[in-house]
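Down below is the structure, laid out as structure tokens.
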Amino acid sequence: MSSIVGDPCLSCSQHRAQSLVRLGLSPDRWDYLVALAGNPNTGKSTVFNELTGLRQHTGNWPGKTVVRAEGAFGHEGQRVKVVDLPGTYSLQAGSMDEEVARDFVLFGRPDVTVVVVDATRLERNLNLVLQILEITDRVVVFLNLMDEARRHGIALDVPKLERELGIPVVPGVAREGIGVDDLLVAVNEVATGVRKTAPFQLDRYVDEIEDAIGDLVPVVEEVYPEVPNARWVALRLLNADEAVQEAVLSGELGQLSRDDSGEVHEPPIVSAREKLLSASVRLRWKLPSDFHDIVTQHTYDEAGKVAGRVQMHGIKKVGFTFDRKLDSLLTSPVFGFPLMLLILAVVFWLTIEGANVPSAMLATLLIDTVHPWLKGLSSLIGIWGWLDGLLLDGVYLATAWVVSVMLPPMAIFFPVFTLLEDFGYLPRVAFNLDSLFRAAGAHGKQALTMCMGFGCNAAGVVATRVIDSPRERLIAIITNNFSLCNGRWPTQILIATIFIGALAPANFGGLVSAASVVGIALLGIVMMFVASWLLSRTVLRGEATSFSLELPPYRPPRVLQTLYTSIIDRTLIVLWRAVIFAVPAGAVIWLMSNLTLSGESMAYHLVEWLNPIGLLLGLNGVILLAYVVAIPANEIVIPTVLMLTVLTGGLVGGAGPGVMFEADSLGATEALLRGGGWTLLTAVNLMLFSLLHNPCSTTIYTIYKETRSAKWTALATVLPLVMGVTVCFLVAQVWRIVAA
Amino acid sequence: MDTSEQSVESLAPLESGDLRLGDIPLQQTVELVNIDLPEDQAEPLLERGVLPGCQICPVRSSPSGDPIISVDGSLLALRRETADCLCVRLLTALQDVS
């Protein structure tokens with residue numbers, strides 16, 4: 001992304017337009033490094049975007065930034081690199097986020113750490129500030145959401161807070177760019193050393209603890225003379241902090257204070273490091289038994305005291321009433337559930353209906369216009385027939401199909417979903433559904449990732465990062481595939497319309513087929529609960545963690561920015577991955593239809609071989625083969641099925657071996673499929689199998705990237721397949737008995 | 001959760017007359033005395049502002065009895081089991097919430 005200099009649309013003051021040069025993505029070199037820390041949902045990412053001109057997505061639910069984002073800006077002729085850390089409530093390194101944030105503040109050696117603080121929740125936010133001040137004294141506090149604080153009747157004495165903390169405190173409203181100027185100045189002053197900070201010191205502990213610290217500090221200073229904050233290191237060691245113990249043992253701790261001259265301190269010898277560790281273990285015996293609680297409580301107490309001293313009360317309270325009224329409706333025991341179903345139904349309806357026209361237009365363009373044009377071009381320049389077939393009929397068509405079927409629904413679903421997210425509705429969905437998830441031994445936030453899965457399972461798997469507990473996160477990852485994704489809706493709708501809608505009287509056909517598709521989606525949700533329950537009773541057994549979810553205030557969604565970010569962040573990334581996987585699939589489909597063995601195509605032999613298994617499951621060989629080659633993308637199942645049916649059934653029609661096509665009308669599709677031996681059972685079982693089979697390769701790859709485990713990836717791949725085969729087999733047997 | 005363990009946990013403090021957040025009627029503000037949870041489970045609560053000495057008010061409850069509490073100016077959804085582990089103290093005599 002290029003730099004945006006003095007963009008007139010942004011509500012920036014004259015001064016900032018001159019002094020702030022947004023440099024976008026992370027630079028190779030920089031004059032100083034700024035870390036952005038803060039509690040979740042305090043507007044940290046908004047500050048990041050204001051500074052860098054990047055459009056990092058900012059969702060209105062806790063725990064959005066999980067990986068750290070980097071960007072840069074120029075100010076007063078200096079290049080500044082900014083690292084946006086995950087939002088955390090503390091630096092105890094209890095969760096993945098907290099570990100990332102703490103390690104960066106500790107080992108990333110930022111020149112300045114900016115802590116974004118929610119002015120409406122000062123006490124709990126100060127807890128993090130105090131913890132960071134224990135590690136580094138180069139800190140600037142950005143007191144964000146001052147407007148919300150005012151609305152909630154909270155006034156803060158900023159100069160007093162600045163005196164109490166001994167570091168610069170800048171009040172502002174990041175969403176409107178207010179205070180960003182002053183923040184830049186303060187950051188610059190602290191980074192360049194113009195402004196010296198005199199950070200708040202926590203009170204001393206009781207004597208036993210102070211004695212132990214006093215004994216350990218000299219050892220720390222002896223082993224790691226360059227560490228600036230020996231007291232903090234000693235305290236963490238006494239607290240048996242694993243990350244710090246490891247840093248001591250590996251010698252990494254010494255890198256902490258490496259100065260900018262480029263001189264690297266040799267880590268102390270191994271025996272010295274071990275000496276330090278054993279000294280801390282020995283001293284731990286002298287500590288009171290509730291030492292850990294004392295230390296934790298100590299920071300909270302101090303934060304509470306400071307907050308109490310700077311908050312001015314007695315101001316008339318406004319606001320909240322709208323939030324409370326909306327909440328009493330959206331999380332109501334009576335209306336909560338129906339409203340949720342209604343909202344989700346509207347989202348799906350918008351997606352399916354809205355995608356029809358652009359999908360058809362893309363198909364006309366890419367498949368009906370560009371494809372023949374490319375074919376013409378290739379025959380003109382005389383490319384070999386097989387290469388022409390492989391590239392244009394195989395690879396190109398598969399890719400074109402994926403793009404035209406996948407892009408429009410995703411470009412609608414994700415922005416709409418993101419608007420709901422920005423507004424603050426999603427945590428309420430999690431709350432409404434939590435009791436069901438708890439019964440299944442899963443986490444309430446799985447409701448969010450499940451909803452995301454209706455858009456795309458790969459995106460749903462990534463979204464599980466918001467679940468802290470590794471066990472519950474794995475359950476959410478493994479079961480995400482039970483959400484019927486956008487790529488599978490078109491198959492469901494087509495088959496339901498042809499085979500099931502046709503059973504009803506003409507007027508009700510549409511309704512019946514829509515109901516059957518919704519039924520399949522609901523069955524998916526049921527299966528998701530069943531699978532979660534099974535997993536939490538078997539391989540992922542464990543205690544349900546206590547669930548506490550912050551319900552953020554409703555905030556008006558920013559429509560344009562949401563459109564932009566959700567299309568960039570989610571739609572295009574997912575589409576790109578799908579295209580990458582569609583390319584080899586297209587090649588395979590074409591090759592197996594055109595390579596022959598004793599007079600028949602490979603596809604014919606494969607279908608013949610798969611047919612007995614397919615019939616046992618109430619399907620057929622064509623469908624099974626289509627699902628094998630369509631692992632890269634569910635979107636190409638129907639075109640592949642049609643092509644294979646024509647190819648292997650010796651039927652008239654189609655566009656030639658290996659050339660995927662869609663019939664001109666529903667009637668033509670139906671005639672083709674019935675010609676291929678399809679019955680109502682085939683249709684029903686295809687719908688079931690489309691819901692219950694292995695995830696597409698994009699999702700499998702994403703699962704592997706997220707879990708870093710072949711075992712869990714394999715389980716996530718095989719589990720739905722086994723369930724699908726079982727369900728189809730049972731349905732086929734019962735169906736045949738009843739029919740006979 | 002192991003049932004036997006749970007019953008021991010919830011019985012002991014009741015004997016000493018402790019009041020749990022789960023027993024508090026909606027809209028009744030109480031003060032948190034103590035969090036009766038293992039440290040790793042108490043930590044997320046502390047971080048979200050549920051600190052001993054703070055004022056908590058259950059504002060709503062889900063059909064299955066899970067409360068939404070108002071604490072330190074924000075709303076927090078809890079599970080019922082968690083609410084039952086929060087020992088609280090009344091600020092005033094119980095209001096008649098009929």
Side-chain angles (χ1 to χ4, degrees), chain A residues 39-41 62 88-90 92 94-95 98 118 120-125 127-128 148-149 152-154 292-293 296-297 299-301 303-304 307 320 323-324 327-328 331-334 336-337 427-428 430-436 438-439 444 468 543-553, chain B residues 1-6 9-10 20-22 26-27 29 31-86:
Chain A
N39 281 19
N41 219 36
T88 55
Y89 293 101
S90 80
Q92 306 283 349
S95 71
E98 290 173 7
D118 178 350
T120 63
R121 279 142 200 125
L122 190 61
E123 180 172 343
R124 123 179 51 149
N125 279 254
N127 176 49
L128 179 69
E148 276 189 23
H152 292 181
I154 302 163
H292 185 95
D293 293 347
T296 312
Q297 195 61 44
T299 329
Y300 287 120
D301 288 348
F320 266 155
D323 271 34
R324 296 271 152 106
D327 256 346
S328 65
T331 62
S332 136
V334 184
F337 241 84
R428 272 84 183 173
F431 171 75
N432 283 342
L433 289 174
D434 178 55
S435 53
L436 288 172
R438 169 179 37 193
D468 296 331
E543 299 259 322
T545 50
S546 74
F547 169 82
S548 57
L549 179 71
E550 202 177 328
L551 303 178
Chain B
M1 196 180 281
D2 193 327
T3 44
S4 62
E5 196 181 314
Q6 193 182 15
E9 248 178 43
S10 55
R20 301 302 176 116
L21 183 65
L26 294 181
Q27 313 306 338
T29 303
E31 184 186 304
L32 182 66
V33 178
N34 182 30
I35 300 180
D36 187 18
L37 275 170
E39 196 207 309
D40 57 324
Q41 294 200 37
E43 195 68 47
L45 292 173
L46 295 171
E47 289 167 359
R48 286 161 174 78
V50 184
L51 297 159
C54 74
Q55 294 195 358
I56 297 181
C57 177
V59 290
R60 230 184 333 282
S61 122
S62 78
S64 45
D66 298 314
I68 296 183
I69 60 168
S70 160
V71 60
D72 190 18
S74 59
L75 295 176
L76 204 61
L78 298 180
R79 283 182 172 172
R80 200 186 153 76
E81 299 90 306
T82 314
D84 285 339
C85 295
L86 301 181

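In what follows, every chain begins at residue 1, and chains take the letters A, B, ... in the order their sequences are listed.
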My understanding is that only one of B:Val71, B:Asp66, B:Ile68, B:Leu45 makes a side-chain contact (heavy atoms from CB on, under 4.5 Å) with B:Leu78; could you say which? B:Leu45
Among A:Asn39, A:Leu128, A:Thr331, A:Thr120, which residue forms the greatest number of heavy-atom pairs with chain B at distances under 4.5 Å? A:Thr331
Under 4.5 Å to a heavy atom of chain A? For B:Val50 that would be neither
What part of A:Asp118 gets closer than 4.5 Å to chain B, counting heavy atoms only: side chain, backbone, both or neither? neither
Contacting region of B:Ser70 [heavy-atom separation from chain A under 4.5 Å]: side chain
Under 4.5 Å heavy-atom distance to chain B, tell me which part of A:Ser332 shows up: side chain, backbone, both or neither. neither
Check whether B:Ile69 gets within reach of chain A through its side chain, its backbone, both or neither, counting any heavy atom under 4.5 Å. neither
Within the 3.5 Å criterion, strictly below it, is a donor on A:Ser328 or B:Arg60 matched to an acceptor on the partner's side chain? no
Taking side chain to side chain donor-acceptor pair (under 3.5 Å) as the definition, give me every residue that meets it alongside B:Glu31, ordered by chain and number, with sequence neighbours left out. B:Arg89
Going by side chain to side chain contact (heavy atoms under 4.5 Å, CB included), name the residues that satisfy it together with A:Glu123, two or more places apart in sequence or in a different chain. A:Ala307, B:Leu51, B:Asp72
Whether A:Asp434 side chain and A:Ala430 backbone form a donor-acceptor pair below 3.5 Å: no
